[in-house]
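Quick notes on the structure that follows.
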Number of protein chains: 2
Amino acid sequence: MSSSSTTADDILRCARSLIIKGGYNSFSYADISDVVGIRKASIHHHFPAKSDLVRAVVAQYRQEAAAALTALESHIPDPHEQLRAYVGYWETCISDASHPFCVCALLAGEIPVLPEDVVVEVRAHFRQLSDWLTAAFERGAAEGSVKLTGTARETAETFMATVHGAMLSARAYGNAAAFGAVTAPLLNRMTA
Amino acid sequence: MSSSSTTADDILRCARSLIIKGGYNSFSYADISDVVGIRKASIHHHFPAKSDLVRAVVAQYRQEAAAALTALESHIPDPHEQLRAYVGYWETCISDASHPFCVCALLAGEIPVLPEDVVVEVRAHFRQLSDWLTAAFERGAAEGSVKLTGTARETAETFMATVHGAMLSARAYGNAAAFGAVTAPLLNRMTA
DNA sequence: GTTCGTCTACCAACTGGTAGGTAGCTTGTC
DNA sequence: GACAAGCTACCTACCAGTTGGTAGACGAAC
């Protein structure tokens, strides 16, 4: 259970990037089999059903996101700069095409056709991110470095939605710069 | 070509609502066959390949959207109220669950796995909507009823992204009210 | 008498998933 | 130190059901 089993990690990594490409129904165990260099049946050994695999991908993603947001909080004291760093992270991911979409934002669009346990994880990610953003806006407003529109929660929800919509626009236009074009006014407006 | 062929329309309508549910790869000709009450092979008579069908769905959707936006423009003179009406339209669609997602916003997320001709249509919708919003913001700013953040184009792109992200949030939370919670601050902030 | 819409009957490829076997490692016991 | 037992990770071989798509026949309508 410690570390040796890199195969399960390889499968998770591969599944993640396939999900980012086109969601739950856009990939199969055969696709993973090709990339990881393992037989289809062996994937079922690690993740009995497809829903198990995708749930594991989202759970791992959420854990990493939580850790990254906590790290960001401890490295950057100013809430305004934290929000900028969050957006900057995605700007980098999109422009180098390494990880050009939030796993949960993509899966959220497919929720009506997703297995229930995956839906639960996706929903939890939205709550988690909204909570973090709300806290940042609250501190920022208290310190006077950030301007709210409505409550901190409302401002955070609007902020999150805009970032997700910006990912969609970048894909639609086939142009990574579209992400920055959307988020730059968002960040500017944030300043009191 | 005139009107008699309602079957093709039935197929288009059905395909549209299936796409709204979960995107390109979440439905099959068999699903449509069940709903429309026609054999799979007969669907192929109207739309030889799946990409033809989906391209037609998006093309029809774009045409309807263009007509609706034009109508909205002629009925509501004030640009600020036009933008409010646009958001209100989606708020209604989402709360009565009749049509709870923009076809093109959903497909945009899946672009890397979509047939090229569908991608072209989706991209065209984003341009079309962005143009309409930009024009509204330009007029609104000129008349003083709307406040810009950056250029009219930038403001429009941010506005569009926020509305799309709000659809995603409503799905993720499983709560139609989440759409309004995101868009209310968006509309309030718009006021000079 | 040809065009149109639908049908039945196929198809190969792929889907997620299962059954059963095997090689290698670890563990407990004599 | 030998050896059986159990476990893990992988394999081949298979499954039924579904996928998008085709061929060709039929009746109705213009």
Side-chain angles (χ1 to χ4, degrees), chain A residues 1-19 21-58 60 107 110-119 121, chain B residues 1-19 21-58 60 107 110-119 121:
Chain A
M1 197 200 258
S2 55
S3 67
S4 63
S5 176
T6 180
T7 305
D9 285 333
D10 287 350
I11 294 169
L12 284 171
R13 223 188 327 275
C14 178
R16 187 194 286 204
S17 75
L18 288 171
I19 292 170
K21 222 175 148 194
Y24 190 90
N25 288 302
S26 77
F27 76 97
S28 71
Y29 271 38
D31 296 325
I32 295 174
S33 159
D34 288 344
V35 175
V36 176
I38 204 179
R39 297 292 151 158
K40 256 179 38 176
S42 307
I43 305 173
H44 283 285
H45 168 74
H46 294 279
F47 305 98
K50 195 180 182 183
S51 64
D52 296 319
L53 170 58
V54 175
R55 180 165 34 79
V57 167
V58 179
Q60 191 193 51
L107 291 175
E110 301 178 320
I111 275 182
V113 299
L114 253 35
E116 190 49 37
D117 47 355
V118 174
V119 172
E121 288 287 341
Chain B
M1 198 200 255
S2 56
S3 67
S4 64
S5 176
T6 179
T7 305
D9 285 333
D10 288 349
I11 295 168
L12 283 172
R13 222 186 329 272
C14 178
R16 186 194 287 204
S17 75
L18 288 171
I19 291 169
K21 223 176 147 194
Y24 190 91
N25 288 302
S26 77
F27 76 97
S28 71
Y29 271 38
D31 297 325
I32 295 174
S33 159
D34 289 343
V35 175
V36 176
I38 205 180
R39 298 290 152 158
K40 261 178 34 175
S42 307
I43 305 173
H44 283 286
H45 169 75
H46 295 278
F47 304 97
K50 195 181 183 183
S51 64
D52 296 319
L53 170 57
V54 175
R55 181 165 33 79
V57 167
V58 179
Q60 192 193 51
L107 291 176
E110 300 178 320
I111 276 182
V113 298
L114 254 34
E116 191 48 37
D117 46 355
V118 174
V119 172
E121 288 286 341

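The sequence lines fix the lettering, A, B, ..., with proteins before strands; numbering per chain opens at 1.
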Please determine if a side-chain N or O atom of [X] lies less than 4.0 Å away from the OP1 or OP2 oxygen of [N].
| X | N | answer |
| --- | --- | --- |
| A/His45 | D/dC10 | no |
| B/Thr7 | C/dT6 | yes |
| B/His46 | C/dT6 | yes |
| B/Ser42 | C/dG5 | no |

Side chain of [X], backbone of [Y]: donor and acceptor closer than 3.5 Å?
| X | Y | answer |
| --- | --- | --- |
| B/Gln60 | B/Leu12 | no |
| A/Asp31 | A/Ser28 | yes |
| B/Tyr29 | B/Ser42 | no |

Send over the distance from [X] [atom1] to [N] [atom2], rounded to a whole Å.
| X | N | atom1 | atom2 | answer |
| --- | --- | --- | --- | --- |
| B/His44 | D/dG21 | NE2 | C1' | 5 Å |
| A/Ile38 | D/dT12 | CD1 | C1' | 14 Å |
| A/Asp34 | C/dT15 | CG | C1' | 14 Å |
| A/Leu18 | C/dG16 | CG | C1' | 16 Å |
| A/Tyr29 | D/dC14 | OH | P | 22 Å |
| A/Ile43 | C/dG16 | CD1 | P | 10 Å |
| B/Ile32 | D/dT18 | CD1 | C1' | 15 Å |
| B/Arg39 | C/dA9 | CZ | P | 10 Å |

Which part of the nucleic acid, if any, lies within contact of [X], taking any heavy atom under 4.0 Å across all strands shown: a base, the sugar-phosphate backbone alone, or nothing?
| X | answer |
| --- | --- |
| B/Ser28 | sugar-phosphate |
| A/Ala41 | base |
| A/Phe27 | sugar-phosphate |

Next on the checklist: Restricting to non-hydrogen atoms, name the atom on B/Asn25 and the atom on B/Lys50 that form the minimum distance, rounded to 0.1 Å.
Outcome noted: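 Result for this residue pair: CA-NZ, 4.2 Å.
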Checklist entry - Where is the tightest heavy-atom contact between B/Ile111 and B/Val119, given as atom of each residue plus distance? => result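 Scanning both residues completely, I find the closest heavy atoms to be O-CG2, 3.9 Å.
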Item to check | base_contact_polar (D/dG21 base, B/Lys50 side chain, donor-acceptor, <3.5 Å) | outcome: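 Answer is no: no donor-acceptor pair is held.
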